[in-house]
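Lettering follows sequence order; numbering is per chain, from 1.
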Amino acid sequence: MPQSVPQAAEFEQYLRWPITMVPDPAGVEESYARANEVELEGLLSLVGIEPDYIYQSQRYRTSAYAEGIRAALAAREQIRALLNEHRTQPLPDDWWPVSVFSGFTNKDTTTILDWDGEWDLTYRCDESGTSETVDLRTTALVKLPWRIDWPMRWQFEHVDFEPAGKDHHSEGGSFDTARGVSEQIYNWKAPVTFQYDFISIKGRGGKISSSSGEVVSLRDVLEIYEPEIVRYLFAGTRPNSEFAISFDMDVVKIYEDYDRCERVYYGVDEISEKKRAKERRIYELSQVHKPASEAPFQIAFRHLCSLVQIADFNYERALEMARVEAGRPTLSEADRVRLLRRAACAERWLADFAPEDFRFRMKTAEQGLVEVGSAEAAAIAGLAELLKNQWDSLTDKALAEELYRVSRDAGVEPKDFFVVMYKVLIGKEKGPRLAAFIRTVGRERVVALLERYSGDTSSGSAGHGGKGESNE
RNA sequence: GGGCCGUUAGCUCAGCUGGUAGAGCAGCAGACUCUUAAUCUGCGGGUCGAAGGUUCGAACCCUUCACGGCUCACCA
């Protein structure tokens, strides 16, 4: 019973039913099967995949496969022999190349009694003990098992290209037997194929496991990665090699890799001609829409993580900070849309997967003060003074130097001063590189936080404390 | 048991149709005293899992072996 079904007990009754007849647990779609289709189709379009869908359930429901099913029945012994080639246990004597759902209980617990050589199939419902004869041309109850269903559909839909996972491509796997069935029974040449490897998930903190039943879907991936980057993961990896979609620190690296690929594509980064051609192609394949004519404005993911937090998760403000930093007059609408989504991914990642070191929240003037010693208070006051008076002339580098000067003037070890500053600004002992951080946060906000320490002083002491927990 | 895929610098991996090996991260050093995977610069010699073979020449081809992982023989 999948985790996505909250009413597990109530749904017990549908076990062994065709999934197309099981109701949607959410009560929205016509069936559980359809609900899953709708979900997937919606997600696929987000990454730019918009196929014409063929619904097998409709094919079966309308008896479109009647000919194919009859052909399988007629070739019963031939198919049995083909399948037995790769089986440890030969198929039992009463085996038929079809499976039947009971018209009485909807379950697949049935026994086939007879086939008349044409369209009539007689079966018994094991639970009710009732028998009936159905016509293949009108019934929706008769299906082909996978290894026969697959080749039958190759012929029916005229499939000439179908890659598949390595489970199908193992010797004796379903592609193997399907090829035989397709060519010998259905007179259809097996499609061109290749084998792709599996994709795994990394960095979800051990929660993901088959035993817990937690499943990671494209939806989860898209909460962390932009659609283009999801495509990039696939475009940049050979199909037949395994890779993992990471939710841990690798996320930062993947974003950086993608951004570099983008810069190469637009000729911003120089690279050898050989590699360039490859990177360009990977970039093209990664796009959901046509690549823009101009290089998009980039904000590094890791930097955006900081900006988004400084801006208290107001994405627009985060982008505005980045724009100002980069000295750009404006942001194009396309850039805005893209970066807002990236900001949302950053927030999601910070909340769910980022190491603690990445996370912080700006202190507000309403929050209580942290304890600081008198010397430290003096240093803070000195810095506040400096920021008020010389803000416009301070570069990152100049400010960094001033930080040392200010703290030494007040008789505070720079190392301790940094700790105090982080506590004052974000309530932690560490944080982003201080000088650049202060400049990004902005004068008003920093000064407002610092000036609160100008008045009375208490005799606290700045404590130390190791902090090095990382999850793995 | 069969099949597939790996085994390249500490780590993660690139190396197209063979010409004697590379990128990121870490690490080290330096940008006046530094703080996290948000700055910049310089530095890395690893018997390319092992042994044979083909070749003028192999990490890339062939054979065998070792180790690791996945997969099939139930189901869609």
Side-chain angles (χ1 to χ4, degrees), chain A residues 16 18-20 33 36 56-57 60 83-91 99 108 143-150 153 164-178 194-200 202 236-244 246 248-257 260 271-275 277-279 281-282 299-307 309-310 322 325 354-360 395-397 400-401 403-405 407-408 412-422 426 428-437 439-440 467-468 470:
Chain A
R16 305 204 71 93
I19 194 171
T20 49
N36 282 285
Q56 205 181 167
S57 59
Y60 270 116
L83 297 187
N84 277 341
E85 282 179 25
H86 298 282
R87 292 175 59 92
T88 42
Q89 299 282 323
L91 292 161
S99 65
D108 64 352
K143 317 266 157 122
L144 293 174
W146 165 245
R147 283 178 184 250
I148 305 164
D149 177 70
W150 202 17
R153 283 183 290 118
K166 67 161 144 186
D167 47 345
H168 295 310
H169 275 290
S170 277
E171 176 96 358
S174 54
F175 197 95
D176 238 23
T177 53
F194 63 81
Q195 169 178 330
Y196 49 73
D197 209 312
F198 293 156
I199 298 152
S200 54
K202 176 168 168 274
T237 309
R238 280 180 310 215
N240 66 343
S241 56
E242 189 182 334
F243 72 97
S246 295
D248 56 16
M249 274 305 298
D250 285 357
V251 171
V252 175
K253 178 175 160 34
I254 300 292
Y255 269 91
E256 282 171 1
D257 288 349
R260 187 182 315 116
I271 192 174
S272 75
E273 193 46 49
K274 232 161 101 177
K275 290 181 179 172
K278 181 179 168 191
E279 292 293 304
R281 185 60 184 142
I282 289 173
I299 306 175
F301 188 77
R302 106 180 279 120
H303 187 46
L304 191 54
C305 282
S306 292
L307 294 181
Q309 293 180 99
I310 291 171
E325 277 177 356
E356 182 53 34
D357 280 355
F358 266 78
R359 289 193 277 235
F360 64 84
T395 60
D396 280 357
K397 189 171 164 59
E401 286 170 13
L403 289 172
Y404 291 101
R405 213 213 64 213
S407 66
R408 274 196 309 268
V412 180
E413 279 296 311
K415 206 175 180 61
D416 296 332
F417 183 58
F418 281 107
V419 172
V420 169
M421 281 301 296
Y422 287 121
I426 59 176
K428 299 181 60 168
E429 303 202 343
K430 296 174 175 182
R433 283 187 179 272
L434 194 52
F437 182 59
R439 281 171 39 80
T440 303
K467 187 84 181 119
S470 179

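Of the side-chain N and O atoms in A:R147, none sit less than 4.0 angstrom from OP1 or OP2 of B:C74.
When each of B:U71, B:A76, B:C74 is scored by its nearest atom to the side-chain atoms of A:F198, the top-ranked nucleotide is B:U71. Closest to the A:Y404 side chain, of the nucleotides B:C72, B:A73, B:C34, is B:C34. For A:P145, taking side-chain heavy atoms from C-beta onward, the closest of the listed nucleotides B:G24, B:A73, B:A76 is B:A76.
Residue-to-nucleotide proximity on RNA chain B shows that, of A:A435 and A:Q89, the 5′-proximal contact is made by A:A435. Sequence order on RNA chain B of the closest nucleotides to A:Q56 and A:H86 puts A:H86 first from the 5' end.
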Pull out every protein N or O sitting under 3.5 Å from an N or O of nucleotides 2-10 of chain B, one pair per line with the distance.
| residue | atom | partner | partner atom | Å |
| --- | --- | --- | --- | --- |
| B:C4 | O2' | A:Q195 | NE2 | 3.1 |

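Using a 4.0 Å cut-off between charged side-chain N and carboxylate O, A:K253 and A:D250 make no salt bridge.
Applying the side-chain contact (heavy atoms from CB on, under 4.5 Å) rule to A:F194 yields the partners A:F161, A:P163, A:Y196, A:P239; only residues at least two apart in sequence or on another chain are considered.
With C1' as the reference atom, B:C32 and B:G24 are 31 Å apart, rounded to whole Å. One P atom belongs to B:G18, the other to B:G57, and the distance between them is 16 Å to the nearest Å.
Formation of a donor-acceptor pair under 3.5 Å by the A:Q309 side chain with backbone atoms of A:F358 is found in this model. In this structure, the side chain of A:K428 engages the main chain of A:R359 through a donor-acceptor pair within 3.5 Å. Judged by distance alone, the side chain of A:D197 and the main-chain N or O of A:K166 form no donor-acceptor pair under 3.5 Å.
Under the Watson-Crick or G-U wobble criterion, with both distances below 3.5 Å, B:G30 is paired with B:C40.
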